[in-house]
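Below is one structure, written out as structure tokens; comments come after it.
Quantities reported herein were computed from a predicted structural model and do not represent experimental measurements. When reading the values below, keep in mind they use all heavy atoms of this one structure, side chains included, and skip hydrogens, waters and symmetry mates. Residue numbering restarts at 1 for every chain, and letters A, B, ... go by the order of the sequence lines.
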There are 2 protein chains.
Amino acid sequence: MVEPKTTANPLFLRDEDLRQAIELLFFAYRDFTARADALLARRHFGRAHHRVIYFVGRHPGLSVSHLLAILNITKQSLSRVLSQLVREGYIAQKQGDSDRRQRLLNLTEKGVALERDLSAEQRVRIAAAYKEAGGIAVEGFRKVMLGVMDADVRGRFGAPNG
Amino acid sequence: MVEPKTTANPLFLRDEDLRQAIELLFFAYRDFTARADALLARRHFGRAHHRVIYFVGRHPGLSVSHLLAILNITKQSLSRVLSQLVREGYIAQKQGDSDRRQRLLNLTEKGVALERDLSAEQRVRIAAAYKEAGGIAVEGFRKVMLGVMDADVRGRFGAPNG
DNA sequence: ATACTATGTCAGCAGTATTGACTTAAATGT
DNA sequence: ACATTTAAGTCAATACTGCTGACATAGTAT
């Protein structure tokens, strides 16, 4: 057994284990987003619209700059998508109370309905995967996913770990 | 086991749990690909180039149609990216032995070097996450990820030996 | 010969994201 | 008060990804 001595392998992680993880992420993410992408395409929307709809639904009254920070994209990139969603009545903007420069974002009823449609299949998929894997596995999944993302984003989740 | 009476939730899955899973996938995938994306941008390549480089490295002698099946994209989409990689000397094509219509794909030395650069940070990231989470968690991660992807893709992983 | 398969190409369209430059309006600091 | 910074938006140019449709070439299979 020749273990390639590439970079330091602090655990007993073979190259195969690392490759498998990379592929698990690729295929899971690809399939996880595929159906929503298809739904969006019918409405002439893309994945970016979904993300905006999702996070506005998740954080009602979100400011544009906060949304930008979550998505990690430029305001110009967001602009096209957000303007479209506002123009077509999925998202409502209202002036901030304390800071009137802000345009706080909320889903309209139409937006809530779209969000539900888009994430319905994803929720079913997650629920099925969680159920089949069991509670211990879910806890492991959470740990690994938190470890994969950037450290400064972990705080967003009720992370018991560092 | 206690069976909660929540209608659409066969497990103990609250809406919050499902949302968290969606976000774990989003943030982990986003951060997982971010550095490689930056490296690619310097070479005027994109994520699609990375995927091609990755899977050709993973499966030397891969045929174009098999690569297409793995990536789930059209040949026209692949064509632009693949032609570029061949033209710039990252991937070599050779005629198939049994079927001379095939153009079997292999990484050149240059391609191997690029693949290593691109996945180096990803491997470190996975290794760190795995190490911190521990073996049980890793097993759970694998189970959940397999459950999230489409059933017909799971065969690619673990089921028969490894 | 005919049909099918593997691969490639041209053209056009849409979506996502970038950088750079500039604007408006409101908050804030000195 | 005046200057600076911040929140949001806009215009323009560029690039990567993916799609559909149409067509071409070569090799395989009947």
Euclidean distance, [Y] [atom2] relative to [X] [atom1], rounded to 0.5 Å:
| X | Y | atom1 | atom2 | result |
| --- | --- | --- | --- | --- |
| A:Leu71 | A:Tyr54 | CG | OH | 12.0 Å |
| B:Arg35 | B:Asp31 | CZ | CG | 9.5 Å |
| B:Leu40 | B:Leu118 | CG | CG | 4.5 Å |

Would you mind reading off the distance between [X] atom [atom1] and [N] atom [atom2], rounded to a whole angstrom?
| X | N | atom1 | atom2 | value |
| --- | --- | --- | --- | --- |
| A:Leu105 | D:dA8 | CG | C1' | 11 Å |
| A:Asp99 | D:dA8 | CG | P | 8 Å |
| A:Ile91 | D:dA8 | CD1 | P | 14 Å |
| A:Leu71 | C:dG15 | CG | P | 18 Å |
| B:Leu85 | C:dG8 | CG | C1' | 16 Å |
| A:Phe26 | D:dT17 | CZ | P | 13 Å |

Summary of protein contacts for nucleotides 18-24 of chain C, nucleotide by nucleotide, where a base hit scores B, a sugar-phosphate-only hit scores S (4.0 Å, heavy atoms):
BBBB---

Testing B:Val148, B:Leu24, B:Val144, B:Asp17 for side-chain contact (heavy atoms from CB on, under 4.5 Å) with A:Ile126, which one passes?
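One option only clears the test, and that one is B:Val148.
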
Which nucleotide in the list D:dT17, C:dA17, D:dG27 gets nearest to the side chain of A:Ala48?
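Nearest to the side-chain atoms of A:Ala48, counting from C-beta on, is C:dA17.
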
Any side-chain N or O of [X] less than 4.0 Å from the OP1 or OP2 oxygen of [N]?
| X | N | value |
| --- | --- | --- |
| A:His66 | D:dA7 | no |
| A:Arg42 | C:dA14 | no |
| A:Ser65 | D:dA8 | yes |
| B:Ser83 | C:dT9 | yes |
| A:Arg100 | C:dA25 | no |
| B:Arg103 | C:dG8 | yes |
| A:His49 | C:dT16 | yes |
| A:Gln93 | D:dG9 | yes |

Counting only heavy atoms not in B:Arg51, do more than 12 fall under 6.0 Å of its CZ?
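More than 12 within 6.0 Å, yes.
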
Closest-nucleotide 5' rank along DNA chain C - winner of B:Val64 and A:Ala41
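Closer to the 5' end of DNA chain C: B:Val64.
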
Between the base of C:dT7 and the side chain of B:Arg101, is one N or O donor paired with an acceptor at under 3.5 angstrom?
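Side chain to base: no pair present.
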
Sub-6.0 Å ring centroid separation between A:Phe26 and B:Phe32
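Not close enough - the centres of the two rings lie 6.0 Å or further apart.
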
Would you call the rings of B:His66 and B:His59 parallel, tilted or perpendicular, where under 30° means parallel and over 60° means perpendicular?
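Tilted.
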
